[in-house]
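Here is the structure we will look at.
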Amino acid sequence: MATDPLNPLIVQADRSVFLEAFNPRADAARAAIAPFAELVSSPEHLHTYRVSPLSLWNAASTGMTADAMLGALEGHAKFPLPGNVVTDIRELVGRWGRLTLDRFDEALILSAAPGDGPLLSELARHRAVGPLLRERMSDVVYTVDAGARGELKRALMDAGWPVDDRAGYTQGAAFPVTLAPDLTVRDYQREAAQAFYQGGSDTGGSGVVVLAPGAGKTVVGMVAMSLVGQRTLVLTTNRTSVNQWQRELLARTDLTPDDVQEYAPGRPAGRELAPVTLCTYQMLTHRRPGAPAGEEHPHMSLIGAAEWGLIIYDEVHLLPAPVFRLTAGVQARRRLGLTATLVREDGREGDVFALIGPKRYDQPWKTLETQGWIAAATCAEVRLRLPADERPAYAAAPDRQKHRLAAVNPAKRAALRAVLARHPDAPTLVIGSYLDQLDLMAADLEAPLISGKTPQRERERLFQAFREGRLRTLLLSKVGNFALDLPDAEVLVQVSGAFGSRQEEAQRLGRLLRPKADGRAAHFYSLVTRETVEEDHAHHRQLFLAEQGYTYDILDESELSAPGVH
DNA sequence: TACGAGGAAA
DNA sequence: GGGCGTTCCTCGTA
């Protein structure tokens with residue numbers, strides 16, 4: 001493969017990569033660089049990717065070589081790669097594996113590659129790394145306390161030197177899990193669980209699996225449980241997920257209700273934890289203010305309980321900081337992170353890498369779509385103006401109010417009706433972030449709104465009516481982001497969203513991806529006010545989905561009244 | 001003992 | 001940088 005002026009990529013010296021979106025070779029180039037590059041902006045014609053240290057290390061940990069990455073860039077580039085990019089990529093990728101952590105009796109040893117004595121000396125002087133190293137055994141070996149394993153990995157990651165942790169795991173109590181005979185595990189689910197269990201260029205047993213919503217991440221978790229065969233702790237974001245895991249585990253494995261229990265703090269003293277215990281992150285980190293010293297976090301000891309052979313972190317992209325701290329203390333337990341969107345807006349992806357593990361497996365959402373596992377979906381961004389009488393107020397508003405003013409643009413009410421008119425019979429969800437805006441729209445459409453205030457019973461009733469087709473349109477506040485029992489829909493209109501949250505956008509699209517019985521496509525619309533901060537936020541939100549292969553049609557509000565579908 | 005309402009937290 | 005939803009606890013009512 002060689003560079004060719006007709007190719008779609010331009011690689012710049014700062015390791016950013018431009019992709020001509022309309023070049024006929026764009027799709028192949030996108031697929032080739034996706035494993036080691038992340039999308040940072042995607043205006044219509046020219047997409048920008050960045051090759052970051054973390055994206056390189058994630059790729060390297062799956063076994064991808066620097067040569068393979070350079071080959072992918074070169075093979076789709078217009079011009080020869082800048083020399084420093086070649087050097088940088090080789091150097092950064094080469095860092096993975098140069099430091100290893102191994103077991104040494106009761107302690108650990110940090111080893112550098114032969115000749116890396118100076119590197120080790122430099123790291124020993126590093127502010128965060130140095131204090132965690134104990135005794136220099138040789139030019140390239142330090143001893144480390146076993147308890148410092150997590151903190152050291154995190155500190156080394158911050159210092160720019162990810163460490164390949166080969167110190168292995170302590171065995172949890174044996175607890176075999178057999179998958180139900182009628183459960184068909186899809187190839188990608190089995191591959192994902194294997195990739196977790198066996199690792200890539202390292203020893204495996206910890207790391208993150210990224211799969212689209214509806215692609216069956218719980219099945220990956222079950223296969224992992226059957227591979228490990230030890231007692232398992234499953235951590236989730238909320239109780240609905242706890243229930244879902246419990247249902248699925250009972251239905252699709254040989255586990256009995258006694259085996260699978262939600263962690264209940266009030267359980268009778270002396271009662272054993274179930275071999276498969278489910279617990280929310282909030283429960284784990286719950287604080288009792290004013291409790292006697294040492295008892296402020298009554299549930300934290302759960303995670304350190306000796307018997308777990310595997311800890312599963314559901315929605316691992318949402319791990320709160322305290323759970324990172326806890327996780328640093330249990331590096332000798334196998335850890336599986338599951339997520340649809342391994343992106344965070346707080347820049348803590350490095351902590352996920354260091355403390356849960358590298359990304360072991362992912363499939364672009366579009367690939368699963370092609371294979372028919374998730375529904376095809378179109379995405380459209382509808383651009384609206386602010387009404388003339390609102391513009392002065394917007395211009396005068398302080399920055400921190402601008403987002404809201406743009407988001408609740410009154411013109412969205414008419415636009416929403418126009419969008420709904422394009423799909424007159426399709427089951428439609430409308431999701432927004434501002435309750436008063438949603439109230440107005442619910443009145444316009446004469447459709448019910450579910451918000452956080454809606455009692456559980458009422459939610460169930462409305463979901464049921466929607467499922468049975470008695471209710472065509474349902475409005476949802478932010479409850480719609482994560483409610484797992486939300487019914488399937490064909491059209492989803494996002495009328496407002498939180499700042500630039502990529503994962504919120506992705507979760508919302510995910511609501512549409514369950515395959516439709518007749519193979520019909522789903523339609524996702526996002527309403528955005530022109531020439532306001534909302535445009536910037538909207539484009540940042542779209543990045544993750546653009547990375548997954550989705551493109552957004554741009555519709556002007558004037559085009560909406562046109563009949564038919566685009 | 002079971003529940004729902006209200007408040008605090010992150 | 002702010003609004004919203006969730007979860008937990010506590011306390012009141014049956």
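The sequence lines fix the lettering, A, B, ..., with proteins before strands; numbering per chain opens at 1.
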- Query: Could you give the CD-to-C1' distance, from A/Gln456 to B/dC3, as a whole number of Å?
  - Reply: 15 Å
- Query: Going by the angle between their ring planes, with limits at 30° and 60°, are A/Tyr263 and A/His299 parallel, tilted or perpendicular?
  - Reply: perpendicular
- Item | Over 12 non-hydrogen atoms of neighbours within 6.0 angstrom of CD in A/Glu468 | yes
- Message: Using the rule side-chain contact (heavy atoms from CB on, under 4.5 Å), only one of A/Leu384, A/Asp556, A/Asn409, A/Leu386 pairs with A/Arg530; which is it?
- Response: A/Asp556
- Message: Taking any heavy-atom pair under 4.0 Å as a contact, classify A/Ser451: base, sugar-phosphate, or nothing.
- Response: sugar-phosphate
- Query: Between atom CZ in A/Arg457 and atom C1' in B/dG4, what is the gap in whole Å?
  - Reply: 11 Å
- Query: With sequence neighbours left out, what residues match A/Glu535 under salt bridge (Lys or Arg N to Asp or Glu O under 4.0 Å)?
  - Reply: none
- Task: Go through residues 391-402 of chain A and report each residue with a non-hydrogen atom lying under 4.0 Å from DNA chain C, sorted by number.
- Result: A/Arg400
- Quick note, A/Thr280 side chain, CB onward, closest among C/dC8, C/dG2, C/dC4 is C/dC8
- Check the surroundings of atom NZ in A/Lys516: do more than 12 heavy atoms from other residues, nucleotides or ligands lie under 6.0 Å from it? yes
- Item | Side chain of A/Met283 (C-beta onward), nearest among C/dG5, C/dC8, C/dT6 | C/dC8
- Does atom CD of A/Glu458 have more than 12 heavy-atom neighbours from other groups under 6.0 Å away? yes
- Query: Base, sugar-phosphate, or nothing: which does A/His299 touch, judged by heavy atoms less than 4.0 Å apart?
  - Reply: sugar-phosphate
- Does a nitrogen or oxygen in the side chain of A/His286 sit under 4.0 Å from OP1 or OP2 of C/dT6? no
- Between C/dT6, C/dC4, C/dG2, spot the one nearest the side chain of A/Gln282, thanks. C/dT6
- Selected nucleotide, minimal atom distance to A/Arg239 side chain, candidates C/dC8, C/dT6, C/dG3: C/dC8
- Query: Between C/dG5 atom C1' and A/Tyr434 atom OH, what is the distance in whole Å?
  - Reply: 14 Å
- Query: Does the gap between the ring centers of A/His539 and A/Tyr552 come in under 6.0 Å?
  - Reply: no
- Integer-rounded Å distance: C/dG3 C1' and A/Lys453 NZ: 12 Å
- Check every atom of C/dG5, C/dT6, C/dG2 against the side chain of A/Arg459 and return the nucleotide holding the closest atom. C/dT6
